[in-house]
A.B. asks: 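Sharing a structure, written as structure tokens. Questions coming.
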There are 2 protein chains.
Amino acid sequence: MQHVSQSPISSVSSVSPWLNSDARNPIRLGNSISCSIDRKIPINAHLYLEGELQSHIFLVTSGIIGTYKLLADGRRQICRFAYPGDILGVDCAKRHLNNAEALSDSVVRSIPVSAIDKLIDSEPGFGQTLLHITAMELAGTREQLLSLGRKSASEKLATFLLSIARRSALPGNSEVLFDLPMKRCDIADYLGLTVETVSRNFTRLKVAGVIELLSSHQIKIGDIELLKALADGDDFLRLH
Amino acid sequence: MQHVSQSPISSVSSVSPWLNSDARNPIRLGNSISCSIDRKIPINAHLYLEGELQSHIFLVTSGIIGTYKLLADGRRQICRFAYPGDILGVDCAKRHLNNAEALSDSVVRSIPVSAIDKLIDSEPGFGQTLLHITAMELAGTREQLLSLGRKSASEKLATFLLSIARRSALPGNSEVLFDLPMKRCDIADYLGLTVETVSRNFTRLKVAGVIELLSSHQIKIGDIELLKALADGDDFLRLH
DNA sequence: CGTTCTCTTGAGATCCCTCAACACCTGTGG
DNA sequence: CCACAGGTGTTGAGGGATCTCAAGAGAACG
């Protein structure tokens with residue numbers, strides 16, 4: 001591993017429109033589309049499989065959709081947990097390059113790619129919004145690279161819990177109390193671990209008082225500062 | 001880990017323009033820009049650092065640029081090796097979310113983001129090209145997630161060598177003979193391994209006859225089918 | 001109240017990491 | 001021409017984090 005060794009080339013510039021295109025509320029994207037259809041996806045059903053022609057883009061309305069890739073022998077890597085408000089399938093390839101499966105009973109709005117084409121041409125700023133959504137997803141995926149490549153199991157789990165807390169805090173409980181809708185094996189396949197290791201690290205966080213498990217799928221953060229320290233790899237705070 | 005359990009929702013659609021926007025030759029993007037500047041970046045110099053305001057987009061002209069993220073204690077994850085023709089910095093955030101460093105003496109064309117804005121407005125199809133570039137990078141990053149999360153050290157190295165071979169085959173040698181411009185520690189930080197493990201697995205591939213090391217930075221693939229099998233995790237072919 | 005799925009816990013094995021030494025290469029200077 | 005130093009790459013020995021295999025506890029559901 002290496003460290004920063006030389007000062008960079010840089011200069012300040014004015015704020016750029018495409019850097020800040022309005023993608024704060026992606027739901028808007030769905031609402032502006034006339035030919036969209038809401039569709040119920042029961043748990044374990046697939047939205048699409050790798051290799052299929054890409055016909056729609058999906059906006060998650062409720063539930064959780066997982067996108068994942070498989071190796072020949074069945075090893076699975078979950079790339080992303082898509083929550084309500086998230087967009088799936090802006091992949092710019094004729095065929096899907098991964099699989100998408102409902103990890104809980106879900107509803108998605110499916111938008112034909114032909115409609116996307118029309119919107120790009122007709123609605124100014126729409127293309128920028130798509131670009132922004134895609135770039136944000138790329139940033140999140142890079143964050144996950146760091147987790148998978150360089151963090152220990154407990155650091156991975158702490159990082160994961162914080163990201164889920166941020167996205168799914170129950171109203172009035174400000175990121176401290178939240179649901180964990182996916183199964184342990186899904187978490188394991190997201191973090192590049194086994195179910196057993198995930199479970200053991202939940203227990204470690206619990207006995208250390210960092211989190212409480214109200215049930216196995218409902219979490220209350222006991223010490224969020226400690227959790228953040230663990231996620232960032234401040235090892236001197238490591239649990240024993 | 002889980003397997004596909006239910007048939008997906010899908011339908012065939014006609015080919016969509018934005019799915020296939022012309023990004024085959026991204027160099028075109030650079031040439032069409034009037035206010036771009038070529039800049040030499042010596043090895044170990046940084047193009048930008050995490051947290052800096054994003055002022056330019058970069059097109060790599062020669063050399064190799066690595067983008068990476070760091071943890072507080074110095075652990076490093078390289079996200080990408082950018083080769084000539086590759087675009088850096090379409091991140092859609094005011095500030096850079098990672099670092100970019102020249103891993104060999106390099107030349108980049110830097111394009112102010114203000115120019116990008118103008119091009120998006122003025123040149124039809126430019127926005128789609130940017131979207132396509134970003135989506136392709138996302139697809140590659142997901143592929144790397146699979147590698148980092150679910151592949152063994154030897155599978156990771158085989159996968160990496162194949163991807164580099166595809167991109168940098170010397171003319172007339174069709175992907176079998178190629179240079180490996182980055183250092184072993186860069187490969188390690190890209191694959192989520194240590195230098196020692198990378199080196200050991202180079203040796204394993206060498207003694208098994210899968211590759212030849214003409215020098216430590218010049219590779220000749222001896223058995224590309226075996227290398228592909230190793231990369232995909234066909235474990236029954238595993239080296240002993 | 002069984003059945004099945006999920007989650008947890010334990011014991012042993014294994015892959016990869018850590019620490020250490022050495023080999024190789026390049027440039028510098030004597 | 002050789003000595004030396006620093007960066008890089010390879011190899012070895014031992015340890016530890018995570019995996020594998022196995023069993024049992026808990027939860028959901030008919």
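So that the names make sense, note that chain A is the first sequence line, chain B the second, and so on, each numbered from 1.
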A.B. asks: Any N/O pairs under 3.5 Å between the protein and nucleotides 21-26 of chain D? List them or say none.
C.D. replies:
unit_1  : atom_1 : unit_2  : atom_2 : d
dC21(D) : N4     : E196(A) : OE2    : 2.9

A.B. asks: Is the backbone N or O of E225(B) less than 3.5 Å from a side-chain atom of D223(B), with the two atoms forming a donor-acceptor pair by type?
C.D. replies: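 Side chain of D223(B) to backbone of E225(B): a pair is present.
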A.B. asks: Using atom CG of L213(A) as one end and atom C1' of dC7(C) as the other, report the distance to the nearest whole Å.
C.D. replies: 11 Å
A.B. asks: Restricting to side-chain hydrogen bond (donor to acceptor under 3.5 Å, both in side chains), what partner residues turn up for R200(A), sequence neighbours left out?
C.D. replies: none
A.B. asks: Both V198(A) and S216(A) contact DNA chain D. Taking the nearest nucleotide for each, which residue is further toward the 5' end?
C.D. replies: V198(A)
A.B. asks: Test of understanding: with side-chain hydrogen bond (donor to acceptor under 3.5 Å, both in side chains), list the residues that count as partners of R80(A), not counting sequence neighbours.
C.D. replies: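 side-chain hydrogen bond (donor to acceptor under 3.5 Å, both in side chains) list for R80(A), sorted by chain: E137(A).
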A.B. asks: Can you give me every donor-acceptor pair (side chain of residues 208-215 of chain B, partner residue at least two apart or in another chain, under 3.5 Å) with its distance?
C.D. replies:
unit_1  : atom_1 : unit_2  : atom_2 : d
S215(B) : OG     : H217(B) : N      : 3.1
S215(B) : OG     : Q218(B) : N      : 3.3

A.B. asks: Return no unless some side-chain N or O of H217(B) is found under 4.0 Å from OP1 or OP2 of dT8(D).
C.D. replies: no
A.B. asks: Note down the inter-axis angle between the two ends of the helix from dC1(C)-dG30(D) to dG30(C)-dC1(D), five pairs each, to the nearest 10°.
C.D. replies: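 Result, rounded to 10 degrees: 30°.
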A.B. asks: Heavy atoms only, 4.0 Å cut-off, all strands: where does S215(A) land among base, sugar-phosphate and nothing?
C.D. replies: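 If one applies the 4.0 Å heavy-atom cut-off, S215(A) turns out to touch nothing in the nucleic acid.
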A.B. asks: Please list, chain by chain and in numerical order, all residues satisfying side-chain hydrogen bond (donor to acceptor under 3.5 Å, both in side chains) with K151(B), sequence neighbours excluded.
C.D. replies: T159(B)
A.B. asks: Between atom CG in L191(A) and atom P in dA17(D), what is the gap in whole Å?
C.D. replies: 18 Å
A.B. asks: Among all residues two or more places apart in sequence or in another chain, which pass the side-chain hydrogen bond (donor to acceptor under 3.5 Å, both in side chains) test with S199(A)?
C.D. replies: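 None.
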A.B. asks: Tell me whether the side-chain N/O atoms of T194(A) come closer than 4.0 Å to OP1 or OP2 in dC19(D).
C.D. replies: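 Yes, because at least one side-chain N or O of T194(A) sits under 4.0 Å from OP1 or OP2 of dC19(D).
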A.B. asks: Using only side-chain N and O atoms of T197(B), determine if any of them is under 4.0 Å from OP1 or OP2 of dC16(C).
C.D. replies: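 Checking T197(B) against dC16(C): no side-chain N or O falls below 4.0 Å of OP1 or OP2.
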A.B. asks: What is the distance, to the nearest angstrom, from the CZ atom on F202(B) to the C1' atom on dT10(D)?
C.D. replies: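 Taking CZ of F202(B) and C1' of dT10(D), I get 12 Å after rounding.
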A.B. asks: I'd like a table of donor-acceptor pairs (distance under 3.5 Å, sequence neighbours excluded) in which one partner is a side-chain atom from residues 58-67 of chain A, with atom names and distances.
C.D. replies:
none

A.B. asks: Output every pair passing salt bridge (Lys or Arg N to Asp or Glu O under 4.0 Å) with a member in residues 53-69 of chain B, not counting sequence neighbours, ordered by first then second residue.
C.D. replies: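 For residues 53-69 of chain B, and leaving out neighbouring residues, the salt bridge (Lys or Arg N to Asp or Glu O under 4.0 Å) pairs sorted by first residue read E143(A)-K69(B).
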